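Step one of this worksheet: look at the structure below.
Note that this is a predicted model, so its numbers are computed, not measured.
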Amino acid sequence: MTFTTTHTENYARCIAASTRVRWDIDRDVIRGRVFDFSKSFLPDGLSRISRLDFLQPAEQVRLSQIQGRTYANMFGLVERFIGIKMLEITRDHWFGDQVALEALVRFTDEELKHQELFRRIERLAAAGMPPGYEFLPTANDVAAKVLQAPTWSVLALTCHIELFTQTHYRQSIEPENQLSDLYKDVFLYHWREESQHAIVDVLEWEREDARITPEERDAAVDGLIALIGAIDGILQKQSVADAHYFVVTCGRRVPQTQLDKLATSLLDAYRWQYIVSGAQQARFRELLVRLTTTSQWQRIQSALSPLMG
């Protein structure tokens with residue numbers, strides 16, 4: 001596929017935005033601060049904690065902080081394979097569009113910075129929360145498995161993630177005034193750079209879609225379905241781990257019925273955060289419908305149906 005001037009201009013706009021919003025972890029985001037553990041981390045639009053009517057207000061705050069810790073760690077996790085994939089596909093532009101190449105190099109550099117940001121956030125969370133929290137998946141193991149999938153599948157998943165990042169911040173995090181200031185700022189600055197990443201995702205996904213055969217695209221749809229299933233497997237395990245951590249650190253005996261409801265609610269919230277909210281995002285749905293056949297789209301919908309809650 002030969003890119004047009006319009007494509008080059010789109011990459012150039014991403015470069016301009018990247019230059020304009022460029023930030024530093026210490027100077028702009030953390031600024032010597034620590035988390036305010038009297039406040040929530042995630043808003044209820046993402047955490048769905050208000051559904052757990054047996055929790056006291058202080059317990060709701062603590063559960064939000066546990067979810068917020070996992071939320072940050074999940075971004076650190078997925079940005080490992082996103083950065084690797086973007087670095088890999090720069091080779092397609094080595095001897096071609098140098099503007100596209102610069103946009104992808106900047107993208108990769110920013111993803112590396114985001115990974116370091118989320119490592120820092122994990123250390124700050126650990127410093128103020130009781131010991132015993134576990135984030136079960138490891139970034140390299142997950143990346144190694146994800147990157148075995150077809151490039152089309154990985155780019156589709158990446159676009160899904162980058163777009164729901166925008167939705168989460170604008171619709172849930174930005175309007176909420178009762179969150180820890182530092183936690184909210186982390187996702188403000190993250191959002192500023194992810195905004196142009198989503199544009200690059202679309203350009204690269206469309207470029208890959210134009211390159212492959214119908215048979216390869218059909219296999220790639222199956223690859224995307226498998227990746228979504230793998231993410232759900234991670235969420236199932238992490239929701240149990242987070243429920244256990246809450247129970248052993250909340251300072252009271254939690255009846256089995258409440259523990260079961262807690263684990264179920266966490267899985268529902270995590271599926272909403274990392275799968276459903278992206279699948280329902282209008283731009284992502286439009287792209288997926290446009291880049292698949294009717295039968296492929298129906299296969300994806302059937303795979304998503306049990307997870308929609």
Side-chain angles (χ1 to χ4, degrees), residues 40-55 59-82 118 121-122 125 129 132-139 141-143 145-146 157-158 160-169 171-173 176 179 183 186-187 190 194 224-250 254 258-281 284 303-309:
S40 296
F41 285 5
L42 277 187
D44 191 68
L46 294 174
S47 70
R48 300 188 163 190
I49 289 172
S50 63
R51 300 181 178 190
L52 297 170
D53 55 9
F54 56 84
L55 295 181
E59 292 176 332
Q60 292 179 342
V61 171
R62 173 50 58 89
L63 185 59
S64 168
Q65 292 166 359
I66 295 170
Q67 280 207 46
R69 190 171 175 180
T70 291
Y71 187 77
N73 280 323
M74 282 292 291
F75 278 109
L77 176 84
V78 300
E79 287 176 344
R80 180 68 55 86
F81 71 74
I82 292 173
F118 291 121
I121 293 313
E122 167 55 25
M129 298 175 72
Y133 171 86
E134 288 186 282
F135 186 66
L136 299 178
T138 61
D141 288 345
V142 171
K145 292 176 182 177
V146 169
L157 178 63
T158 299
H160 167 267
I161 293 167
E162 307 275 22
L163 287 172
F164 78 57
T165 300
Q166 310 303 302
T167 301
H168 289 185
Y169 179 74
Q171 294 185 3
S172 295
I173 298 174
E176 178 55 64
L179 305 181
Y183 191 86
V186 167
F187 287 95
H190 183 248
E194 295 291 336
L224 175 60
I225 291 170
L227 290 176
I228 293 170
I231 290 174
D232 190 59
I234 291 172
L235 302 181
Q236 291 181 42
K237 293 177 182 178
Q238 191 62 40
S239 60
V240 172
D242 287 355
H244 175 75
Y245 176 64
F246 173 82
V247 167
V248 300
T249 60
C250 72
V254 178
Q258 292 184 4
L259 175 57
D260 292 343
K261 188 174 181 181
L262 175 62
T264 299
S265 180
L266 282 173
L267 178 57
D268 175 68
Y270 290 167
R271 281 174 167 169
W272 166 251
Q273 291 166 25
Y274 307 112
I275 298 175
V276 179
S277 63
Q280 293 181 347
Q281 208 270 352
F284 181 73
L304 288 171
S305 181
L307 311 178
M308 299 300 280

Do [X] and [Y] make a side-chain contact, defined as non-hydrogen atoms from C-beta onward lying under 4.5 Å apart?
X      : Y      : answer
Glu59  : Leu52  : no
Val240 : Gln236 : no
Leu235 : Met74  : yes
Gln67  : Leu266 : yes
Val146 : Val78  : no
Met129 : Arg62  : yes

Looking at [X] and [Y], what are the two nearest heavy atoms and their distance?
X      : Y      : result
Pro137 : Val142 : CB-CG2, 4.0 Å
Pro43  : Ser172 : CG-O, 3.4 Å
Leu259 : Val254 : N-CG1, 3.8 Å
Ser47  : Ala269 : O-CB, 3.4 Å
Leu42  : Gly68  : CG-CA, 3.8 Å
Leu307 : Val276 : O-CG2, 3.4 Å

- Using salt bridge (Lys or Arg N to Asp or Glu O under 4.0 Å) as the criterion, list what pairs up with Arg69, not counting sequence neighbours.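 Arg69 satisfies salt bridge (Lys or Arg N to Asp or Glu O under 4.0 Å) with Glu122 once adjacent residues are dropped.
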
- Query: How would you list, by chain and number, every residue that makes a side chain to side chain donor-acceptor pair (under 3.5 Å) with Thr165, sequence neighbours excluded?
  - Reply: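 Residues passing side chain to side chain donor-acceptor pair (under 3.5 Å) with Thr165: none at all.
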
- Item | For Tyr133, side chain to side chain donor-acceptor pair (under 3.5 Å) partners two or more places apart |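 Only Thr70, Asn73 meet the side chain to side chain donor-acceptor pair (under 3.5 Å) criterion with Tyr133.
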
- Going by distance alone, is a donor N or O of one side chain under 3.5 Å from an acceptor N or O of the other, for Gln166 and Gln281?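 Not at all, the side chains of Gln166 and Gln281 share no donor-acceptor pair under 3.5 Å.
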
- Task: Please state whether the rings of Phe164 and His160 are parallel, tilted or perpendicular, taking 30° and 60° as the class boundaries.
- Result: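 It falls in the perpendicular class, over 60°.
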
- Heavy atoms of other groups near Glu134 CD, more than 12 under 6.0 Å: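 No, because the 6.0 Å sphere around CD of Glu134 holds 12 heavy atoms or fewer from other groups.
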
- Do Phe187 and Phe118 have their ring centres less than 6.0 Å from each other?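 Here the rings of Phe118 and Phe187 have centres that are less than 6.0 Å from each other.
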
